[in-house]
Number of protein chains: 2
Amino acid sequence: MRLPNHIGIIPDGNRRWAVENGMSKEKGYDTGISPGLQLLRLCKEAKIKEVTYYGFTVDNTKRPKNQRLAFTDACIKAVESILEEDVSLLVVGNTESDMFPKELLPYTKRKSFGRGGIKVNFLVNYGWEWDLNKIKEGKRSSKKITDDINSSYISRIDLIIRWGGRRRLSGFLPVQSIYSDFYVIDDYWPDFKKEHFLNALDWYNKQDVTLGG
Amino acid sequence: MRLPNHIGIIPDGNRRWAVENGMSKEKGYDTGISPGLQLLRLCKEAKIKEVTYYGFTVDNTKRPKNQRLAFTDACIKAVESILEEDVSLLVVGNTESDMFPKELLPYTKRKSFGRGGIKVNFLVNYGWEWDLNKIKEGKRSSKKITDDINSSYISRIDLIIRWGGRRRLSGFLPVQSIYSDFYVIDDYWPDFKKEHFLNALDWYNKQDVTLGG
């Protein structure tokens, strides 16, 4: 079976899940923490080398304050749960803004936890404009644009899986997503099932890789 | 009905169509010209304001020479057929390479034909790295990254329609595609039908617009 080296995860639908389950929107985020950990373990079992989670973005921070506080808190808890595993962790986002939680600053340089292993990237207060703006500081002599972006330590993504039915990237790592295959699951992220992941790998196995060629 | 302002078109599957119809791969490109014109007329009827066609990319030019010559020729013919219509046309791509057909140089600044109207952008020898590399020349003071890329005259895309079943962007305008809804049609581009376009608009009408918020 042909496996993706690097999987991007867009865990969407937390708020819709909360509303459909009779809760207010901001209550949906905490239910997304456990699926993240389940998915990570499945990735490790499948020998995936790198996984990137879309935590929250600069765009997201424009939402009502109670939602913002709730998803920020959920991201902190999610990262803390990940570093209990054997992983090589990197948090990527704009740390120069008040929206970046100071609790996650220690993880903005890649560090191994446990016995290390799978690379896990977690986007926190990530913005596509922030990411690309770094290119302006780049050396004109540098050959690869991928070395000049703020997210340069995140590699090209082979497969993006998005929960919650929307078929769009919503600002997710535009450079790393350029050749990615894009698999959408209609279920909301809090309703994560092992089968979602296995079906995505199965679908990916049937795609060809051309890198635009 | 909520309509997209700007539609991106990825007309994929020409080679697979040719092979399945007993022809060699490079014979598939010419059959893609007429669908392009049909689609343009449908966009005008629907009062779409801007449409961008993925002609060919820098990545594509690495294909065998007979294919390269065939798709380059088909793009020239496609552009020439478009300028018989009432349009405001712009060809975007790396003109500093030998792969850019000199026949299309006159259209690399936007120009109105007939009575003008719908903006039509046609990507010819377009490369995402070429597009983003322009940022290095940008002024650090410029606020918007969208003003600093080589394709800055192409606006944000609301809806991308891809023919040929593949669910990926393949380097298509990474900055303008950041919030785009992505609709995939399994049929090959030479098998274009009016219903494809109408179904895509219908699907788009049911999506929400959040711009990442």
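What you see below is based on every heavy atom in this structure, not just the backbone, and it leaves out hydrogens, waters and symmetry mates. First the proteins, then the strands, lettered A, B, ... as listed; each starts at 1.
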Trainee: Can you confirm whether B:K194 is buried at NZ, in the sense that more than 12 heavy atoms of other residues, nucleotides or ligands lie under 6.0 Å from that atom?
Mentor: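 Atom NZ in B:K194 is not packed in, count stays at 12 or less.
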Trainee: Is there side-chain contact between A:D208 and B:R166, with heavy atoms separated by less than 4.5 Å?
Mentor: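 The answer is yes, as the side chains (C-beta and beyond) meet within the 4.5 Å cut-off.
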Trainee: For chain A, find which of B:V184, B:I160, B:V175, B:D181 contributes the most heavy-atom pairs closer than 4.5 angstrom.
Mentor: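 The answer is B:D181.
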Trainee: Taking atom OH of A:Y179 and atom CZ of B:F172, what is their separation to the nearest 0.5 Å?
Mentor: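 The OH atom of A:Y179 sits 14.5 Å away from the CZ atom of B:F172.
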Trainee: Under 4.5 Å from any heavy atom of chain B, what part of A:V58 do you find: side chain, backbone, both or neither?
Mentor: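 Neither part.
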Trainee: What part of B:W203 lies closer than 4.5 angstrom to a heavy atom of chain A: side chain, backbone, both or neither?
Mentor: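 The side chain, not the backbone.
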Trainee: Does A:K49, at its NZ atom, have more than 12 non-hydrogen atoms belonging to other residues, nucleotides or ligands within less than 6.0 Å?
Mentor: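 Open: at most 12 neighbouring heavy atoms sit under 6.0 Å from NZ of A:K49.
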Trainee: Any side-chain heavy-atom pair from B:I145 and A:W128 closer than 4.5 angstrom?
Mentor: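 Heavy-atom side-chain distance check passes, below 4.5 Å.
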Trainee: Among B:S177, B:S180, B:G165, who wins on heavy-atom pairs under 4.5 Å with chain A?
Mentor: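 Most heavy-atom pairs within the cutoff with chain A belong to B:S180.
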Trainee: Between A:T146 and chain B, with a heavy-atom cut-off of 4.5 Å, which part of the residue counts as in contact: side chain, backbone, both or neither?
Mentor: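 Just its side chain gets close to chain B.
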Trainee: Supply the atom-to-atom distance A:N133 CG to B:I135 CD1, rounded to the nearest 0.5 angstrom.
Mentor: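 Going from the CG atom of A:N133 to the CD1 atom of B:I135 covers 8.0 Å.
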Trainee: If you define the side chain from C-beta out and look only at heavy atoms, does anything of B:R167 sit under 4.5 Å from A:Y183?
Mentor: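 When only atoms from C-beta onward are counted, A:Y183 and B:R167 do touch, with a gap below 4.5 Å.
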Trainee: Test side-chain contact (heavy atoms from CB on, under 4.5 Å) on B:L169 and A:L169 and set out the steps.
Mentor: CA-CA 10 Å; B:L169 290 172; A:L169 291 172; 3.6 Å; yes
Trainee: Quick one: what part of A:T57 sits under 4.5 Å from any heavy atom of chain B, side chain, backbone, both or neither?
Mentor: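 The side chain, not the backbone.
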Trainee: Look at atom NZ of B:K27 and say whether more than 12 heavy atoms of other residues, nucleotides or ligands are closer to it than 6.0 Å.
Mentor: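 No, NZ of B:K27 has 12 or fewer neighbouring heavy atoms, counting only those of other groups under 6.0 Å.
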Trainee: Hey, what do you get for CG (B:L173) to CD1 (A:I178), rounding to the nearest 0.5 Å?
Mentor: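 One gets 10.0 Å once the value is rounded to the nearest 0.5 Å.
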